[in-house]
There are 2 protein chains.
Amino acid sequence: MTKTKDQRADSVCPLPLNQILGGDCIQIMNSLPAGSVDLIFADPPYNLQLKGDLHRPDNSRVDAVDDHWDQFSSFAVYDAFTRDWLAAARRLLKPDGAIWVIGSYHNIFRVGAELQNQGFWIMNDVIWRKSNPMPNFRGKRLTNAHETLIWAAKSETSKYTFNYEALKSLNEGIQMRSDWVLPICNGGERLKDAAGDKAHPTQKPESLLHRVIVGTTSPGDVVLDPFFGTGTTGAVAKMLGRDYIGIEREEAYREVAARRLSRVRRFDADAIATTRAKRAEIRIPFGQVIERGMLRPGEELFSLGNRHKAKVRADGSLIGNDVKGSIHQVGAALEGAPSCNGWTYWHFRREGKMIPLDILRQQIRAEMEGDAPRPN
Amino acid sequence: MTKTKDQRADSVCPLPLNQILGGDCIQIMNSLPAGSVDLIFADPPYNLQLKGDLHRPDNSRVDAVDDHWDQFSSFAVYDAFTRDWLAAARRLLKPDGAIWVIGSYHNIFRVGAELQNQGFWIMNDVIWRKSNPMPNFRGKRLTNAHETLIWAAKSETSKYTFNYEALKSLNEGIQMRSDWVLPICNGGERLKDAAGDKAHPTQKPESLLHRVIVGTTSPGDVVLDPFFGTGTTGAVAKMLGRDYIGIEREEAYREVAARRLSRVRRFDADAIATTRAKRAEIRIPFGQVIERGMLRPGEELFSLGNRHKAKVRADGSLIGNDVKGSIHQVGAALEGAPSCNGWTYWHFRREGKMIPLDILRQQIRAEMEGDAPRPN
DNA sequence: GTATGCCGTGAATCAGGAG
DNA sequence: CCTCCTGATTCACGGCATA
């Protein structure tokens, strides 16, 4: 499903939209037309430098990231690799394009410095605070409970895309901060291979990509991921009506990603459009319900008493009877009331039963109890 | 109050403990004896565009940054500055010493990369998540709601100090994570100048230093801060019974810090003492249990879960199911595990009840403490 | 069905002393 | 430097079996 609007006359060859390309990402990026991509999301090897085995206190062995693609012989080799793939990525970006890179303390400082050296302009560093990280089993360090993302425009003068209101709406009316609390990818979202083991050691959660793509792209944009893995970037891009290009060296990952993408459905246009939303007071943002996939964009909500309906949108706002806004605003408008607690007012349908949103909020609160109330 | 234990015979000059030194931190650090400091906490200038007072190695002043070439050249100057002060800091550290550096996305990637280049070994990067950050007024970026700290040992082989139990206790019994939620410094803690304005633009909260110093130093350690500012590092070090050395170029800040430190009182020893890790306790060989007659040769031991049995021998070894060896080796062999703590694994029977061996070890330890109490 | 509990597992630079 | 040996150490969540 290649889109004609992206096949510009000045392109050497058309962009291979919504495809997964096999091979070395530097070579492939250099073969694509310059200045043709809106956003790059990159999850490069972290260069973990693990030594021996690690066992949990119950003597079970930790299944570590020991794959060959994460092995580098020195910082110099890793730096050269970083320099090359970032230069290729920068060439591909449109002048107003931007890049996201995710990493840990093993590699992120080297990536960040090289981004600056090449003239990228850092907008924010963003902390993914994991609600359920793996503990430090030996008690020798702090629990490594976060990863770092860098969001950078192609240059200081780029007119980068930033959907301030959409992110604010996802955060229920409060400005989105630079620290994002999201669970790691497990459960049904975690892809398995034929043997039932994890298909990829470092699959990222869709909620993370949801926030990145909603916040820094527009519908129809081209999003490229040079380290595609199991295709989370492509899956979320497709759901949100963006075009993707995936590059992945390992055939096994490409196959998993292709199967995954064939099952992904685009949300409808109403759900994808982002809007303005105003301030709300409640602590748990309704947007998290969307990002975590507890409700899908486009799903219908029903009012208390079943007199009204509304549709969920990708940025965590509702649209119902020509009224747009937060779950509280739309509820209040439809009831002609000065205010409304959307959490108890709105219900969703599961197996024929109507369930109030507040159930979902309670679930999120239970998950987050490890974070917020503690004097951490 | 200079402590004699730190005045080693091989020192060129004694350490100026609990003083604030005026001048350039690189020169001053290079004048102090090498290998004499336990911990360095550094809050370097974040970004040369804002400071404008950075100089090239030849002492020429760096002009304002407005194009890509100057931007790159200013990064080079900042990198040279970082290289120099980190090298001076590294020379000062004891072999088992460590460093903390705090920064933002403007500078932290360059600092982190240089730390790795110089052979420091990163233990964790830590996110200070501000519970009350300044909003992004223009709505052009995410609210910059965090700062990044890097905790690194002097080298990969350093036996760094990490008070795991103390931090776990601070966190209500759950191991401390790498993301710390702490409010910014304001209210009564925020120091004011004579005009009533804030005395320093980036005063750090004492809560942050409290966690750093409790977690990665011992009482009596020497903590050096080469960018002392208003002396938060010194104030918390003094409260917690550590010695400090402050270096600060600006006289106005030195005066504020000196006044502040004169008012700080040390907590009493009981308050400063923290939970000791089990591995810091003296080692008791299992043979002592036999020698003291607490168990008799030939007595039977039972595994956790009662699935296995073994018999005690006169030399303090066990024999069970044709396996001979220490309490740990036999336990590991019977469980098919890579390792096993025999003290908690094996139980003996008294009056029908199963009692773990560890009870006997605790008795021996209690008796020995009357003889040779260990300093905490 | 519901409540309870056990088991598995996640990007991890995860030991230290004696001989 | 090496080897050997002791023995300390985990949080959140999903899935499944049991009661």
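Just so it is clear, the model here is predicted, and its values are computed rather than measured. In the text below, chain A, chain B and the rest are named by the order of the sequence lines, each starting its count at 1.
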Query raised in the report: C:dC6 and D:dT10: how far apart are their C1' atoms, nearest whole angstrom?
Result: 16 Å
Query raised in the report: Which part of the nucleic acid, if any, lies within reach of A:C185 when heavy atoms closer than 4.0 Å are counted: base, sugar-phosphate only, or nothing?
Result: nothing
Query - Pairwise C1' distance for C:dG10 and C:dC14, with rounding to whole Å - result: 15 Å
Report task. Nearest 0.5 Å please: distance from the CG atom of A:L208 over to the NZ atom of A:K130. Result -> 10.0 Å
Query raised in the report: Please walk me through it: do A:D179 and A:R177 pass salt bridge (charged side-chain N to carboxylate O under 4.0 Å, His left out)?
Result: CA-CA 5 Å; A:D179 59 309; A:R177 299 166 45 112; 2.8 Å; yes
Requested in this report: Among D:dT10, C:dA11, D:dG7, find the nucleotide with the atom closest to the side chain of A:Y46.
Outcome: C:dA11
Query raised in the report: Do A:R190 side-chain atoms and A:H200 backbone N/O form a donor-acceptor pair below 3.5 Å?
Result: yes
Query raised in the report: Can you check whether A:R138 reaches A:L54 side chain to side chain, under 4.5 Å on heavy atoms?
Result: yes
Requested in this report: Determine the interatomic distance between P on D:dA8 and the same-named atom on C:dT9; round to the nearest Å.
Outcome: 27 Å
**Report entry** Spacing of B:R177 atom CZ relative to D:dA12 atom P, expressed in whole Å
**Finding:** 8 Å
Query raised in the report: Any donor-acceptor pair under 3.5 Å joining the side chain of B:R361 to the base of D:dG7?
Result: no
Query raised in the report: Is a side-chain N or O of B:D221 found less than 3.5 angstrom from the main chain of B:S218, in a donor-acceptor match?
Result: yes
Query raised in the report: Base, sugar-phosphate, or nothing for B:P285, non-hydrogen atoms under 4.0 angstrom?
Result: nothing
**Report entry** Distance, rounded to the nearest Å, where A:R129 contributes CZ and D:dA12 contributes P
**Finding:** 13 Å
Report task. May I ask you to say whether B:D96 pairs ionically with B:K159, meaning some side-chain N is under 4.0 Å from a carboxylate O? Result -> no
Query raised in the report: What orientation do A:Y253 and A:W69 show, parallel under 30°, tilted 30 to 60°, or perpendicular over 60°?
Result: perpendicular
Query - Sequence-aligned protein contact record of nucleotides 12-19 of chain C, with B where the base is within under 4.0 Å of a protein heavy atom and S where only the sugar-phosphate is - result: BBBSSS--
Query raised in the report: So what does B:K168 hit on the nucleic acid, given a heavy-atom distance under 4.0 Å: a base, only sugar-phosphate, or nothing?
Result: sugar-phosphate
Query raised in the report: Separation of A:H146 atom NE2 from D:dC11 atom C1', in whole Å?
Result: 17 Å
Report summary line: side chain to side chain donor-acceptor pair (under 3.5 Å) filter on B:R361, not counting sequence neighbours, yields B:D358
Query - Euclidean distance, A:L224 CG relative to A:I247 CD1, rounded to 0.5 Å - result: 4.5 Å
Query - Side chain to side chain, B:F348 and B:L360, heavy atoms closer than 4.5 Å - result: yes
Query raised in the report: How would you label the contact of A:D67 with the nucleic acid (heavy atoms, under 4.0 Å): base, sugar-phosphate, or nothing?
Result: nothing
Query raised in the report: How close or far is atom C1' of D:dG7 from atom CG of B:L318, stated in whole angstroms?
Result: 15 Å
Report summary line: A:R61 CZ to C:dG10 C1', in whole Å, measures 13 Å
**Report entry** Distance, rounded to the nearest Å, where B:I282 contributes CD1 and D:dT6 contributes P
**Finding:** 18 Å
**Report entry** Residues which pass ring pair (Phe, Tyr, Trp, His ring centres under 6.0 Å) with A:F137, listed by chain and number, not counting sequence neighbours
**Finding:** none
Requested in this report: Could you check how far CD1 of B:I174 sits from P of D:dC11, rounded to whole Å?
Outcome: 6 Å
Query raised in the report: Parallel, tilted or perpendicular: which fits the ring planes of A:Y244 and A:F228, with parallel below 30° and perpendicular above 60°?
Result: parallel
Query - B:N163 CG - D:dA8 C1' separation (whole Å) - result: 16 Å
**Report entry** Proximity to DNA chain C (any heavy atom under 4.0 Å), residues of residues 323-337 of chain B only
**Finding:** none
Requested in this report: For nucleotides D:dG15 and C:dA11, find the distance between their C1' atoms and express it as a whole number of Å.
Outcome: 23 Å
Query - Anti/syn call for C:dT4, syn if |chi| within 90° - result: anti
Query raised in the report: Think A:N132 has a side-chain N or O under 4.0 angstrom from the OP1 or OP2 of D:dC11?
Result: no
Query raised in the report: Touch check for A:S104, heavy atoms < 4.0 angstrom, all strands: base, sugar-phosphate only, or nothing?
Result: nothing
**Report entry** Salt bridge present between A:D43 and A:K204 (N-O < 4.0 angstrom)
**Finding:** yes
Query raised in the report: Across the strands shown, which category fits B:I284 at heavy-atom distances under 4.0 angstrom: base, sugar-phosphate, nothing?
Result: sugar-phosphate
Query raised in the report: Hey, are A:E147 and A:R129 close enough for a salt bridge, meaning a charged N less than 4.0 Å from a carboxylate O?
Result: no
Requested in this report: May I ask you to verify whether the side chain of B:S339 and the base of D:dA8 hold a donor-acceptor pair under 3.5 Å?
Outcome: yes
Report task. Name every residue in residues 248-256 of chain A that has at least one heavy atom under 4.0 Å from any atom of DNA chain C, in order of residue number, or write none if there are no such residues. Result -> none
Report task. Examine B:W151 together with B:F162 and report whether their ring centres are nearer than 6.0 Å. Result -> yes
Query raised in the report: Taking the nucleotide of DNA chain D with the closest heavy atom to each, which residue, A:T143 or A:G187, is nearer the 5' end?
Result: A:T143
**Report entry** Pairing pattern in dot-bracket form [Watson-Crick, G-U; both distances under 3.5 Å; | = partner strand] for DNA chain C
**Finding:** .|||||||||....|||||
**Report entry** A:R260/A:E206 ion pair, N-O < 4.0 Å
**Finding:** yes
Requested in this report: Under 4.0 Å between any heavy atoms, over every strand shown, what does A:P44 touch: base, sugar-phosphate, or nothing? Just pick one.
Outcome: base
Requested in this report: Give one of base, sugar-phosphate or nothing for A:Q203, where a contact means two heavy atoms less than 4.0 Å apart.
Outcome: nothing
